[in-house]
Structures are given as C-alpha cells and as structure tokens.
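The structure displayed is predicted, hence computed values, not measured ones. All values below were derived from every heavy atom in this structure, side-chain atoms included, with hydrogens, water molecules and symmetry-related copies excluded.
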Amino acid sequence: MEFFDFHHHKNYVRDGIYNLNIGEIPPDIPYSIGIHPNDIDIRHKEQQVDWLRTTMFENCFAIGECGLDSLVPIDQKIQEDFFLQQIKISNEVKKPLIIHCVRKFYKVISFKKKAEQAMVIHGFNKKKQIAEDLLAHNFYLSFGKAVLYNLSLQDILKNTPTEKIFLETDNEDFKIEELYRKVSELKGISLEQLNKQIVENLHTITNG
C-alpha cells in the first residue's frame, strides 16, 4: 500500500508533495511552489513572484509554503502582501494553498475569506482551541511526526474529522507509514480506510 506524504522535502519520494525550494527547478514528481515568509526578499519581489508564476508546471499540485510567521525578521505587512499575492495566484490557477503559520493563526484565518481554494495548515502542532477555530473556518490540518508522541496533539487529531486531515513527514527523518499506522489506531479505523479517506481529501481540495 502506498501512503501519500502531503508535505515533504525529499525529491525522491514520488507519492506525496515535494516542497520546492525558492529558485529550484522542480523534479519530475508532484510538488508545491511558494514564497515562504523566511525567503521573502523585498528587493527582488517581482523576480520571486515571476519565478513562482513561471515554474508552475504540469506536476504542480499546490501553492506553498506561504503564510505568516511572527518569528522571521520580515515586516508583517510585507509578509501579508506576499501572502495575499499568493492567495490571488491560487485563485487564478485553481490550486490549493499549503500554509506555514507561526503565532499568526487568527491573522491567517482573516485571510480565508479572500481564498477561493482550499487552505491546508501544514505541520499543525498547536492547541485544541486553535484547531477548532481553524476547522470552523473550513481549513484542513496536516499533521506530522509530533503525533507519534504528543498526547495533547493525539487528542486533537482524534477529534478532527478524518475528511479534514492530511499526514506529512515535512523535513523529519521517519517513514510516513509509521504516522498512518498511529493515526489509524487513534481513529479506530483500518489503515485501508484511513488511506482511502486521505486520497478522497486530495481529490476534494483539487477538484472542489
């Protein structure tokens, strides 16, 4: 059985979405392309946006990582401008958004009304209330390695509808199958059921 890795940094993993680094030429696998808050270069804004627009080839699955991060040394208004631009591009090309967010969840939620495509929070590892508020605004949550050991996150995942989740390795060194097995155990469903639902979720966010 193949297990879809929603967000990863390994250009040899074919069953998943490879996170393309800025300026990189995409490999021949599904990938996402975006301008991460930490990669914003205000002096070369047009070149960065042009790179994004001209590198959305056939295998481009999503726009991202993009979003807001209170810890990077980039002015928040500049981050918001880049984020909004990428939301608009997502609307144009009809591709979902993979969101990077650090301590800016309610600001990200405020941008949801501008997005016509699905928004997926990658690497979700926050409190129950934030999860509930994101789900109430129709976000998807992608969970990573922390689910294997974080009890409070396990509880959040148990209470997150299976049709709203994805699973990812991000840049961690472990097998995505471990995460699928843990989540199927937490959800009390078979591995096959979980896998089928995540495939359905992928169809939903790409086809509306």
Side-chain angles (χ1 to χ4, degrees), residues 3-9 16-17 19 32 34 36-38 62-72 76 79-80 83 87 90 96-115 117-191 193-205:
F3 299 96
F4 195 87
D5 189 341
F6 186 78
H7 177 84
H8 67 84
H9 295 255
I17 305 171
N19 181 77
S32 62
H36 189 288
N38 203 43
I63 306 300
E65 295 174 49
C66 59
L68 304 174
D69 189 325
S70 67
L71 299 183
V72 302
Q76 290 298 304
Q79 288 191 43
E80 290 174 19
F83 186 30
I87 290 172
S90 160
L97 288 143
I98 297 177
I99 308 298
H100 167 92
C101 183
V102 176
R103 300 182 185 176
K104 285 287 176 181
F105 284 98
Y106 294 103
K107 179 59 75 171
V108 165
I109 286 173
S110 75
F111 277 84
K112 182 68 171 67
K113 61 183 178 290
K114 301 178 188 297
Q117 304 301 310
M119 298 179 93
V120 184
I121 302 290
H122 107 86
F124 185 81
N125 187 13
K126 299 301 172 188
K127 294 181 179 178
K128 181 181 179 183
Q129 187 60 57
I130 293 176
E132 290 176 350
D133 290 341
L134 288 165
L135 291 167
H137 286 86
N138 207 29
F139 283 81
Y140 289 76
L141 304 181
S142 184
F143 296 87
K145 188 176 183 179
V147 167
L148 298 177
Y149 55 82
N150 185 320
L151 297 180
S152 63
L153 193 60
Q154 289 177 7
D155 187 58
I156 289 169
L157 194 145
K158 281 182 190 177
N159 291 291
T160 300
T162 313
E163 61 268 21
K164 284 293 183 181
I165 71 169
F166 291 103
L167 302 176
E168 63 176 69
T169 58
D170 196 5
N171 55 6
E172 298 277 5
D173 187 20
F174 75 106
K175 292 183 178 179
I176 191 68
E177 183 179 348
E178 293 178 51
L179 189 54
Y180 272 76
R181 290 190 182 283
K182 184 65 177 180
V183 173
S184 69
E185 173 191 318
L186 292 169
K187 285 289 193 183
I189 60 176
S190 70
L191 208 52
Q193 284 176 292
L194 175 62
N195 205 23
K196 181 182 177 185
Q197 183 61 61
I198 286 183
V199 170
E200 287 181 13
N201 296 349
L202 289 166
H203 288 311
T204 300
I205 67 170

Leu157 vs Lys187, side chain to side chain contact (heavy atoms under 4.5 Å, CB included): CA-CA, chis, key distance, verdict:
CA-CA 8 Å; Leu157 194 145; Lys187 285 289 193 183; 3.9 Å; yes
Holding to ring-ring contact (aromatic ring centres under 6.0 Å, His included), I want the full list of residues that pass it with Phe105, two or more places apart in sequence or in another chain.
none
Check side chain to side chain contact (heavy atoms under 4.5 Å, CB included) between Glu185 and all other residues, then give those that pass, not counting sequence neighbours.
Lys182
Counting C-beta onward and ignoring hydrogens, is there a side-chain heavy-atom pair between Ile198 and Phe3 closer than 4.5 Å?
no
Tell me every residue that passes side-chain hydrogen bond (donor to acceptor under 3.5 Å, both in side chains) with Glu132, counting only those two or more places apart in sequence or in another chain.
none
Going by the rule side-chain hydrogen bond (donor to acceptor under 3.5 Å, both in side chains), which residues pair with Ser110 if we only count those two or more places apart in sequence or in a different chain?
none
Between Leu202 and Phe6, is there a side-chain heavy-atom distance shorter than 4.5 Å?
yes
For Ser70 versus Lys104, what's the shortest heavy-atom pair and its separation?
CB-CE, 3.9 Å
Quick one: does any side-chain atom of His137 pair with a main-chain N or O of Phe139 as donor and acceptor, under 3.5 Å?
no
Under the rule for side chain to side chain contact (heavy atoms under 4.5 Å, CB included), what residues qualify as partners of Val199, not counting sequence neighbours?
His203
Which heavy atom of Gln79 sits nearest a heavy atom of Val72, and at what distance?
NE2-CG2, 3.2 Å
Just do the side chain to side chain contact (heavy atoms under 4.5 Å, CB included) check on Cys101 and Asp69 with the steps written out, would you?
CA-CA 5 Å; Cys101 183; Asp69 189 325; over 6 Å; no
For Ala131 and Leu141, work out which heavy atoms get closest and say how close.
CB-CD1, 4.1 Å
Nearest 0.5 angstrom please: Lys112 NZ to Leu134 CG, how far?
10.5 Å
Rounded to the nearest 0.5 angstrom, the CG-CD1 distance for Asn150 and Ile156 is 7.5 Å
Is the NZ atom of Lys107 crowded by more than 12 outside heavy atoms at less than 6.0 Å?
no
What residues, two or more places apart in sequence or in another chain, satisfy salt bridge (charged side-chain N to carboxylate O under 4.0 Å, His left out) together with Glu177?
Arg181
Going from OG on Ser152 to CG on Asn125, what distance comes out if it is rounded to the nearest 0.5 angstrom?
7.5 Å
Results of side chain to side chain contact (heavy atoms under 4.5 Å, CB included) for Asp170 - residues two or more places apart only
His7, His9, His122, Glu168
Non-neighbouring partners of Arg103 that pass side-chain hydrogen bond (donor to acceptor under 3.5 Å, both in side chains), sequence neighbours left out
none
For the residue pair Cys66 and Ile99, establish whether any side-chain heavy-atom pair is separated by less than 4.5 Å.
yes
Would you call Ile17 and Phe4 a side-chain contact if the rule is heavy atoms closer than 4.5 Å?
yes
Give the minimum heavy-atom separation between Leu135 and Pro161, together with the two atoms involved.
CD1-CD, 4.1 Å
Got a sec, which residues hit ring-ring contact (aromatic ring centres under 6.0 Å, His included) with Phe111, two or more places apart in sequence or on another chain?
Phe83
Only pairs at least two apart or in different chains count here, so list each side chain to side chain donor-acceptor pair (under 3.5 Å) that has a residue in residues 155-164.
Asn138-Lys164
Can you confirm whether Ile165 sits close enough to Val183 that some side-chain heavy atom of one is under 4.5 Å from a side-chain heavy atom of the other?
yes
Ser184: side chain to side chain contact (heavy atoms under 4.5 Å, CB included) partners, not counting sequence neighbours
Leu191, Leu194
Could you please spell out the steps behind the side chain to side chain contact (heavy atoms under 4.5 Å, CB included) verdict for Ile98 and Asn19?
CA-CA 10 Å; Ile98 297 177; Asn19 181 77; over 6 Å; no
What one should report as the nearest heavy-atom pair of Gln117 and Pro96 is CB-CA, 4.1 Å
In chain order, what residues pass the side-chain hydrogen bond (donor to acceptor under 3.5 Å, both in side chains) check against Asn201, with sequence neighbours excluded?
Gln197
Minimum heavy-atom separation for Ala115 and Leu97, please, with both atom names.
CB-CD1, 4.3 Å
When rounded to the nearest 0.5 angstrom, what distance separates CD in Glu65 from NE2 in His100?
6.5 Å
Using the rule ring pair (Phe, Tyr, Trp, His ring centres under 6.0 Å), only one of Phe143, Tyr140, Tyr180 pairs with Phe166; which is it?
Tyr140
